[in-house]
Amino acid sequence: FFFFQAEDGIRDFCLSRGLGDVYKRQEYDDGIFSVNEKNGFLPKNHPLRELPAEFTKLQDLVTNMRVWVDYSKQVSGYLAEEGLLEAKVAELPNYKEEIENFMDNPRVLQALFRSYAFLTSAYLLAPSYHTSKRGGGFGKAHTRLPAQIAQPFVKVAQRLGCPPFMQYHYSSNLGNYYLIDPEGSFDWTNLKPICTFLGAPEEEGFLMVHNDIDSHSSSIVESIKGALKGLEQKDAVAVIESLKLNCQAMKKLNERRREMWSASAPSKYAEFRVFFMGIMGNTEIFGDGVVYEGCFDDKPQRFRGSTAAQDDVIPTQDSFLGVVDYYPKNELTEYLIDIRSYRPVVVQNFIRDLRLDCVDIFKMVAELGLEPLIWLLWCVQEVYKFRNGHWMFVQKFILEQTKYKGGTGGTPITSWIPNQIEACLAYMSNIIGKIQEIGKFEDLTEEVHSQYIETRKNFSKYVDILREQIEALKREDISVELVYNLNSEFKEV
């Protein structure tokens with residue numbers, strides 16, 4: 001029932017090579033990230049808050065460039081005055097030689113990447129920000145990045161193995177926080193970003209809720225390794241327990257995700273969203289691309305911006321649970337695959353190995369009986385709820401606030417998330433079909449059976465909601481409130 005008339009996705013993407021790599025291999029570690037049951041997808045150490053003394057002028061510039069250096073006292077920074085940041089950048093030294101002394105220090109490289117990424121986006125998008133403040137929408141950006149930013153930034157990015165632009169791991173989120181109380185919890189209320197553009201509480205809350213969510217990813221990794229071991233040993237009890245853990249972890253992630261409604265404000269989001277815009281897919285802002293002076297033969301470059309789609313939890317779940325087999329075969333899915341290259345190589349390797357281990361996950365779980373399959377369904381349902389919740393954020397934080405419909409990652413936002421919701425629903429449909437085929441509901445506890453019946457009822461509602469929303473989005477005069485209210489039974493605010 002693909003709503004985009006898409007073919008079955010990438011079911012033939014790879015061949016199964018048997019279980020083993022992910023749960024037996026211990027090391028997915030690049031010195032910054034170590035994907036395991038302890039860290040999940042968080043960095044293994046908290047990021048450095050300040051750069052080494054050799055980069056004092058860069059540190060000062062990044063610290064003072066935000067619109068509000070002190071929001072509570074209304075002390076403004078360089079971005080508050082049009083043209084001031086550009087003047088300050090002209091005075092910045094080119095640190096390309098100093099960086100050579102830190103090429104084998106992952107934590108310093110990450111801090112340098114974060115600093116140059118924020119400075120790059122602030123510099124390039126400062127004109128767009130000031131145009132938007134005057135009510136002119138997202139205006140044109142600078143399309144030349146000065147050599148004193150471009151050359152050291154490219155050198156650091158190449159060492160880390162990622163594009164030289166703002167991204168989720170090394171700069172905007174996972175490499176950009178500190179604990180207010182060092183002994184306190186990893187709750188977003190105890191986190192602050194090291195770098196920001198606006199410097200307002202709504203921006204800080206928006207960024208830190210994402211990190212709060214990721215702090216619960218260790219249970220996801222633990223559950224996956226347990227399930228793969230259980231599947232290899234054909235141990236139904238072990239698989240059920242691991243899928244239960246996975247489902248519980250996803251419920252927690254969804255609980256933390258809903259904190260976004262408290263942490264930030266839709267009306268404030270547009271003020272800092274402009275700085276997260278990528279070059280690719282946003283030609284209205286960047287034209288043919290950005291020249292990194294002294295790099296890439298001075299030819300225009302196009303990189304995607306920082307986006308939650310660069311996070312690791314949902315792509316990991318898609319690969320583990322088998323949702324990836326139901327990605328529609330279309331341009332939107334191609335965007336998703338391209339975005340994967342913006343993750344650290346070590347995370348890409350983890351997700352790649354997981355995909356290879358789990359090619360036959362649906363079949364393997366079904367062979368163990370009815371209850372493991374029901375728990376698989378519930379895990380996929382939590383992924384659906386995560387995506388549907390994200391879709392509600394998009395409606396309130398973006399569609400209702402701006403006429404600009406391009407995503408920060410360069411994707412069309414009115415169809416991007418529905419495309420992935422569709423994949424979840426297509427897979428849930430197949431799992432429910434297999435459960436009904438197996439039958440034997442008398443073998444289930446009353447609690448499991450009743451919850452499964454409730455899931456079937458809700459599934460029909462999920463399908464109807466998405467179908468009606470897509471029809472509403474086809475209209476020329478899109479009513480965001482109508483689209484949002486179609487989800488009235490499951491909406492979060």
Distance-only criterion, 3.5 Å: show the donor-acceptor pairs between side-chain atoms of residues 368-380 and protein atoms not counting sequence neighbours.
| from | atom 1 | to | atom 2 | distance (Å) |
| --- | --- | --- | --- | --- |
| Glu371 | OE2 | Trp375 | NE1 | 3.4 |
| Trp378 | NE1 | Thr455 | OG1 | 2.8 |

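Using a distance-only test at 3.5 Å, with no hydrogens or angles considered, no donor-acceptor pair links the side chain of Glu203 to the main chain of Thr196. Remark: the backbone N or O of Ile432 is not paired with any side-chain donor or acceptor of Glu437 at under 3.5 angstrom. Side-chain N or O atoms of Ser319 include one that pairs as donor or acceptor with a backbone N or O of Pro315 at under 3.5 Å. A donor-acceptor pair is defined here as one N or O able to donate and one able to accept, closer than 3.5 Å; no such pair exists between the side chain of Ser264 and the backbone of Met260. Panel note: side chain Asp212, backbone Arg256; no donor-acceptor pair is recorded below 3.5 Å. Checked by atom type and distance alone, the side chain of Ser217 pairs as donor or acceptor with a backbone atom of Phe41 at under 3.5 Å. Panel note: side chain Asn39, backbone Val35; no donor-acceptor pair is recorded below 3.5 Å. Of the possible polar contacts, none joining the Ser242 side chain to the Val239 backbone as a donor-acceptor pair under 3.5 Å is found. A donor-acceptor pair under 3.5 Å links the side-chain atoms of Gln348 to the main chain of Arg343, judged by distance alone. Proximity of a side-chain donor or acceptor of Gln469 to a complementary backbone N or O of Val483 within less than 3.5 Å is detected.
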Stepwise salt bridge (charged side-chain N to carboxylate O under 4.0 Å, His left out) test for Lys461 and Asp464 = CA-CA 5 Å; Lys461 297 175 184 177; Asp464 290 342; over 6 Å; no
Test log, rule ring pair (Phe, Tyr, Trp, His ring centres under 6.0 Å), inputs Tyr28 and Phe350 | CA-CA 7 Å; Tyr28 287 94; Phe350 173 82; 5.3 Å; yes
side-chain contact (heavy atoms from CB on, under 4.5 Å) assessment of Leu228 paired with Cys358 = CA-CA 8 Å; Leu228 293 180; Cys358 298; 3.6 Å; yes
For Gln301 and Phe165, run side-chain contact (heavy atoms from CB on, under 4.5 Å): C-alpha distance rounded to whole Å, both residues' side-chain angles, the deciding distance at 0.1 Å, then the answer.
-> CA-CA 10 Å; Gln301 302 299 301; Phe165 205 77; over 6 Å; no
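Met250 CE to Leu321 CG: the interatomic distance, rounded to the nearest 0.5 Å, is 8.5 Å.
Between Arg387 and Asp318, at least one side-chain N (NZ, or NE/NH1/NH2) sits under 4.0 Å from a carboxylate O, which counts as a salt bridge. Checked for salt-bridge contact, Asp235 and Lys229 miss the test: no charged N lies under 4.0 Å from a carboxylate O. Look at Arg355 and Asp325 and you find a salt bridge, because one of the NZ, NE, NH1 or NH2 atoms lies within 4.0 Å of a carboxylate O, short of that distance. A salt bridge does not link Asp360 to Lys363: none of the charged nitrogens lies less than 4.0 Å from a carboxylate oxygen.
With contacts defined as side-chain heavy-atom distances shorter than 4.5 Å, the pair Asp30/Val345 does not qualify. The closest side-chain heavy-atom distance from Asp312 to Tyr168 is not below 4.5 Å. Contact of the Val463 side chain with the Met428 side chain is not registered, since no non-hydrogen atoms from C-beta on lie closer than 4.5 Å. Looking at heavy atoms from C-beta onward, Ile279 lies out of side-chain contact with Ile285 at the 4.5 angstrom threshold. Looking at heavy atoms from C-beta onward, Glu284 lies out of side-chain contact with Phe138 at the 4.5 angstrom threshold. The shortest side-chain heavy-atom distance between Leu482 and Arg475 falls under the 4.5 Å cut-off.
Remark: the Gln310 side chain and the Asn173 side chain contain no N/O donor-acceptor pair separated by less than 3.5 Å. Remark: the Asp187 side chain and the Ser185 side chain contain no N/O donor-acceptor pair separated by less than 3.5 Å.
Listed by chain and number, the residues in a ring-ring contact (aromatic ring centres under 6.0 Å, His included) with Phe362 are Tyr427 (sequence neighbours excluded). By the ring-ring contact (aromatic ring centres under 6.0 Å, His included) test, Tyr292 is found to be paired with Phe296, Phe303, residues two or more places apart in sequence or in another chain being considered. Val108 meets the side-chain contact (heavy atoms from CB on, under 4.5 Å) test with Leu48, Pro52, Phe102, Asn105, Leu112; sequence neighbours excluded.
Ring-plane geometry between Tyr462 and Phe459 is classed as perpendicular, the angle between the planes exceeding 60 degrees on a 0 to 90 degree scale with a lower cut at 30. The aromatic rings of His46 and Phe186 sit parallel, their planes meeting at an angle under 30°, below the 60° perpendicular limit.
Within a 6.0 Å radius of CD in Gln436, more than 12 heavy atoms belonging to other residues, nucleotides or ligands are found. Counting non-hydrogen atoms of neighbouring residues, nucleotides and ligands closer than 6.0 angstrom, the CG atom of Asp29 exceeds 12 such neighbours.
A ring-ring contact (aromatic ring centres under 6.0 Å, His included) with Phe153 is found for exactly one of Phe113, Tyr170, Phe118, namely Phe113.
Residue pairs that meet the side-chain hydrogen bond (donor to acceptor under 3.5 Å, both in side chains) test with at least one member in residues 107-117, sequence neighbours left out, do not exist here. Sequence neighbours left out, the pairs with a member in residues 209-260 that pass ring-ring contact (aromatic ring centres under 6.0 Å, His included) are Phe206-His210.
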